[in-house]
Protein chains: 2
Amino acid sequence: MATMQDVANLAGVSLSTVSYTLTGKRPVSAATRARIEAAMAELGFRRHAAARALAARRTHVLALAYPTYGVALGATLNDIVRGAVEAARESGYELVLWPVDSTEPEVLRELAGQRTADGVLLMEVALDDPRIEAVESVGVPCAMIGRTQDPGDRVWVDIDFEDALTQAVEHLWGLGHRSIAFLNRSQAQLDTHYGPAVRARDAYVAAMTEHGLDPLTVACDVTPPAGRRVGTELLASHRDLTALIVMNELALFGVASALREADLQVPRDFSVLAVAIAEDISQMYDRPLSFLAAPGPDQGRLAVRGLLDLIEGRTTTGGTNLRCALHPQSTTGPVPVP
Amino acid sequence: MATMQDVANLAGVSLSTVSYTLTGKRPVSAATRARIEAAMAELGFRRHAAARALAARRTHVLALAYPTYGVALGATLNDIVRGAVEAARESGYELVLWPVDSTEPEVLRELAGQRTADGVLLMEVALDDPRIEAVESVGVPCAMIGRTQDPGDRVWVDIDFEDALTQAVEHLWGLGHRSIAFLNRSQAQLDTHYGPAVRARDAYVAAMTEHGLDPLTVACDVTPPAGRRVGTELLASHRDLTALIVMNELALFGVASALREADLQVPRDFSVLAVAIAEDISQMYDRPLSFLAAPGPDQGRLAVRGLLDLIEGRTTTGGTNLRCALHPQSTTGPVPVP
DNA sequence: GCGCTTCGACGAAGCGCTTCGACAGAGTAT
DNA sequence: ATACTCTGTCGAAGCGCTTCGTCGAAGCGC
């Protein structure tokens with residue numbers, strides 16, 4: 001493994017000059033730079049990350065705590081990851097994933113404490129997330145995707161569920177639907193006041209009320225069989241229903257089965273609109289799904305930018321809510337004529 | 001941030017003694033060790049990873065190249081990750097995930113070249129995978145989950161598809177089924193001779209032939225809609241079929257729809273057996289799915305062990321094929337009486 | 001031609017740890 | 001008592017970089 005000293009020798013310059021061509025922190029003449037670059041290419045030189053990190057007191061690595069349990073569909077998380085990776089690279093940082101679940105903050109404390117990353121991104125943040133304290137306790141900056149009950153002046157990026165559900169109700173209202181139900185996340189999430197579930201429900205109720213409609217919310221476990229069960233019950237007990245808003249990735253697939261079994265053709269007899277799902281997931285559905293796209297890549301990107309502001313001592317943006325874009329496709333249509 | 005020197009001062013010993021209590025590479029008396037540990041606790045000392053890596057020429061980090069595109073279901077990959085994390089920790093290593101797709105070996109070369117990890121694990125290895133050369137070109141050991149056309153004496157851990165399909169056919173044969181089809185991965189994968197698809201198909205054909213049965217294989221894109229389409233066609237064109245072996249995670253869900261639409265009750269009228277899927281995925285099915293469990297955690301574990309053998313200069317195991325365990329549940333049953 | 005600034009390059013001092021050689025003192029064998 | 005081996009500890013030399021202070025050589029106005 002060639003070192004910077006080898007490069008310097010071959011190029012006939014001093015070690016520090018090589019360093020400066022690499023970091024750009026001091027000017028280097030074009031001629032010298034060319035010689036150095038030639039030498040680096042010839043030797044196949046690569047900076048030794050540990051040495052760099054030690055000397056510069058910066059690893060140029062950002063870590064994203066990546067849950068490995070209970071992640072049935074990778075697409076949603078991966079959208080975020082891709083946005084984050086991109087933003088990090090643009091700023092000369094690498095993003096790595098730490099496979100750590102929310103239940104093991106100690107692992108996070110250990111990892112962060114060794115200073116293997118300059119900052120940590122937390123995804124799927126719970127209302128009272130012990131990981132934040134763990135990371136901050138060892139003096140490492142962190143940013144969250146989602147947000148805690150009281151984020152203070154921390155950096156966070158969340159989805160604008162209020163806007164998303166307003167858009168959803170309005171889209172269906174515009175198509176003539178007057179009986180629109182909302183299939184939410186699990187009761188357990190509601191019971192613990194999990195932000196997305198609560199905020200989406202409240203926004204849905206508000207939007208319905210505003211249009212003079214009766215809201216109808218059902219909680220549903222995050223699995224296809226649960227979606228099928230809940231969907232079937234819902235269709236049986238509310239025969240006047242013509243549209244369903246679903247904010248539950250996995251239940252969505254069960255809902256499709258329930259509709260088929262109830263002999264309802266989509267969108268002729270019934271409309272389905274998914275909220276806050278990744279585009280990849282919409283493509284797994286029977287037919288082109290009408291959906292409000294979760295801003296996954298942007299969430300990742302913005303969270304990284306905010307984290308870098310924190311790391312590099314710039315003033316931070318605080319929190320941001322990101323809108324979901326409506327993609328009306330083939331599962332929403334005009335209300336059926338009776 | 002307390003350094004080892006701070007700990008040494010507080011404990012009244014030399015820096016090197018602190019190091020030796022941490023690494024255990026030289027004996028330290030119980031009394032001294034106790035003083036040092038007390039000092040470390042008091043100062044909240046944590047080893048600086050970069051300094052350690054630089055001095056020891058070892059990062060104690062293993063990287064797993066983690067694809068973020070085309071991963072609809074995270075469960076399968078995550079099983080592997082969990083096994084790998086566990087095995088790494090047992091040996092005093094941390095596992096991190098590098099979000100790098102198979103299509104960008106250069107990123108991998110860059111990352112590995114900076115020596116931020118002592119070894120790299122590759123998952124979803126293709127027959128001719130450019131990532132292997134990329135990692136090895138910078139002198140970093142690597143191990144694969146799956147395997148290339150010609151793995152040479154590299155370390156790999158794969159699924160024993162021959163055994164899995166033999167088990168599958170035998171399970172159904174035992175239940176009296178004589179008309180058993182096999183729903184494979186995509187035609188594209190078969191065309192490129194992708195190992196799992198080819199080996200599974202060949203093993204299925206062999207097992208069927210051995211029992212004097214006619215094999216019937218269909219390729220299917222890895223999406224639920226494709227599974228529904230192919231499933232529907234298959235059921236329509238082969239009315240005598242009583243069982244289907246599926247080795248296609250996502251198509252599986254489409255197959256469920258196809259069966260329901262064809263008014264076939266499972267397992268009364270028809271049996272479905274999934275091959276090489278993660279247990280989490282089996283739980284997403286309508287009813288308790290009969291399946292051959294992919295040995296994900298064991299794949300991760302063994303791959304890590306093999307990689308560590310390589311890194312620490314022990315003799316390596318070469319390749320290993322892991323068996324899938326049969327979990328007969330509620331989607332396979334006796335052949336229906338005509 | 002003088003002193004002035006500016007540019008580009010150099011040398012050396014660390015960053016926080018591991019590890020090697022050395023060595024004092026206790027234990028054992030002679 | 002002598003010579004020897006262990007144990008447990010210390011000091012110092014790096015690991016491969018970044019970065020600070022420094023300084024020669026141009027380039028400039030007058």
Worksheet item: Between Ile132(B) and Cys142(B), does a side chain to side chain contact (heavy atoms under 4.5 Å, CB included) hold up when you go through it step by step?
Response: CA-CA 7 Å; Ile132(B) 300 189; Cys142(B) 83; 4.2 Å; yes

Worksheet item: Should the ring pair Tyr66(A) and Tyr66(B) be called parallel, tilted or perpendicular, given that the plane angle runs from 0 to 90° and is split at 30 and 60?
Response: perpendicular

Worksheet item: So, for Ile36(A) and Val7(A), which heavy atoms are closest and what is the spacing to 0.1 Å?
Response: O-CG1, 4.0 Å

With the criterion being N/O to N/O and under 3.5 Å, what pairs connect the protein with nucleotides 16-18 of chain C, and how long is each?
residue, atom, partner, partner atom, Å
dG16(C), N2, Ala51(B), O, 3.4
dC17(C), OP1, His48(B), N, 3.2
dC17(C), OP2, Met4(B), N, 2.4
dT18(C), OP1, Arg47(B), NE, 3.0
dT18(C), OP2, Ser19(B), OG, 2.7

Discussion item. Tell me whether the side-chain N/O atoms of Ser29(B) come closer than 4.0 Å to OP1 or OP2 in dG8(D).
Written reply: no

Practice prompt. Taking the side chain as every heavy atom from C-beta outward, state whether Pro141(A) and Asp118(A) have any pair of such atoms under 4.5 Å apart.
Written response: no

Worksheet entry | Flag side-chain contact, heavy atom, 4.5 Å: Ile159(A) against Pro295(A) | yes

Practice prompt. Spell out yes or no: do the side chain of Arg26(B) and the base of dG21(C) have one donor N/O and one acceptor N/O closer than 3.5 Å?
Written response: yes

Worksheet item: So what's dC28(D) paired with, Watson-Crick or G-U wobble, going by both distances under 3.5 Å?
Response: dG3(C)

